[in-house]
Amino acid sequence: MENHHQIKDGWFFETCPMWPGMGFSLQIEQVLYSKRSKFQQIDVYQTRNHGKMLALDGIIQLTEFDEFAYQEMLAHVPLFAHPCPKTVLVIGGGDGGILREVCRHDCVTDIDFCEIDEDVIKVSKQFLPSLACGFDDPRIKVHIGDGCAFVLEKKSRYDVIIVDSSDPIGPGDVLFKKPFYKGLKAALKPDGIVATQGESIFLHQEWVIRLAKITKELFIKQGYSCIMIPTYPGGNIGICLGSLGPELTKPARPVSDGVQDRLKYYSPGIHEASFILPHFAKKMLRDI
Ligand code: SPM
């Protein structure tokens, strides 16, 4: 797999064929880790102003500066849309950030976590403890292996499934295809909800449309929620959601003061607002 970045004069510069003709740079102070795993190049940097940064195959996965926006929304939008999620599956996100957020829900009793690259978990535990703390909860069972194969073995088991994938240009590409989504649907309980990394409405319209079409066809309700996040290309990313029952665009349960106080991005208000899309995106997804 190609490495999509360069380091020059103390700057990390990310480019990628998925967002051609543009690039994103962060000033770095130190390379903390740089090694190829069985699946991908894993790099951790100390940036100048954005805390530590994790990159896979040269694509920014997170910075400590703004990771909360993505992790909170990808976890809490589907979990709060569900009236009482007990069993949850998280696929991908070896950094542990999504798990950290899922564990804030006391009603959740069992969390299966499946990650293909064990080295991402190890690196996160070593360098990103504020995310890897997500692994400390006894409700979590860690499975190392292919997320798609894992899902295809499970039937009517989960209330919520969250897919925290990298982009469809590396080991994550299978997670953007219809057979995987069929597997997700089969692995959900009859009123289950699925939420997947949904790319950018500005930069990846082809992918957004593809995922929206698949979820529209397979699920009773379908939605796209938009997240602001400065260190992903274009400053935004989305969540593609499918539901077999519950309404997606509103929380089905109150957020306790104790939980809300610990969150930095998610709130009932932003949950609802995130589904209100710019006019071009609304039209694009309405017409599919
Ligand atoms: N838990 C954080 C892992 C991040 N997973 C998603 C990363 C996506 C990176 N690409 C962003 C560009 C997409 N438009």
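Order of appearance sets the numbers: ligands from 1, and atoms from 1 within every ligand. Reckoned from all heavy atoms, side chains included, excluding hydrogens, waters and symmetry mates. Because the structure is a prediction, the values reported are computed rather than measured.
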So, [X] versus [Y], ring centres under 6.0 angstrom or not?
X: H76; Y: Y265; result: no
X: H271; Y: Y266; result: yes
X: F219; Y: Y181; result: no

Which bit of [X] gets closer than 4.0 Å to ligand 1, counting heavy atoms only: side chain, backbone, both or neither?
X: L203; result: neither
X: Q61; result: both
X: H204; result: side chain
X: Q71; result: side chain

Do [X]'s NZ or CZ and the ring of [Y] fall within the cation-pi criteria of under 6.0 Å and 45°?
X: K52; Y: F127; value: no
X: K154; Y: F150; value: yes
X: K125; Y: F135; value: yes

Which is it for D164 and Y70 under the side chain to side chain donor-acceptor pair (under 3.5 Å) test, yes or no, and what are the steps along the way?
-> CA-CA 10 Å; D164 178 11; Y70 174 80; 2.6 Å; yes

Under-4.0 Å salt bridge between K250 and E247 | no

Only heavy atoms of [X], strictly under 4.0 Å: list the atoms of ligand 1 that pass.
X: D95; value: 1 (N), 2 (C), 3 (C)
X: Q197; value: 6 (C), 8 (C)
X: D167; value: 8 (C), 9 (C), 10 (N), 11 (C), 12 (C), 13 (C)
X: I60; value: 9 (C)
X: Y70; value: 2 (C), 4 (C), 5 (N), 6 (C)
X: P233; value: 11 (C), 12 (C)

Rounded to the nearest 0.5 Å, the CE atom of M18 sits from the NE2 atom of H204 at a distance of 4.0 Å

Any [X] heavy atom less than 4.0 Å to ligand 1:
X: G97; result: no
X: D164; result: yes
X: N236; result: no

For atom 13 (C) of ligand 1, closest protein heavy-atom neighbour | E199 OE1, 2.8 Å

So which protein heavy atom does atom 6 (C) of ligand 1 come closest to, and at what separation?
-> S165 O, 3.1 Å

Side-chain contact, heavy-atom cut-off 4.5 Å: F24 with P233?
-> no

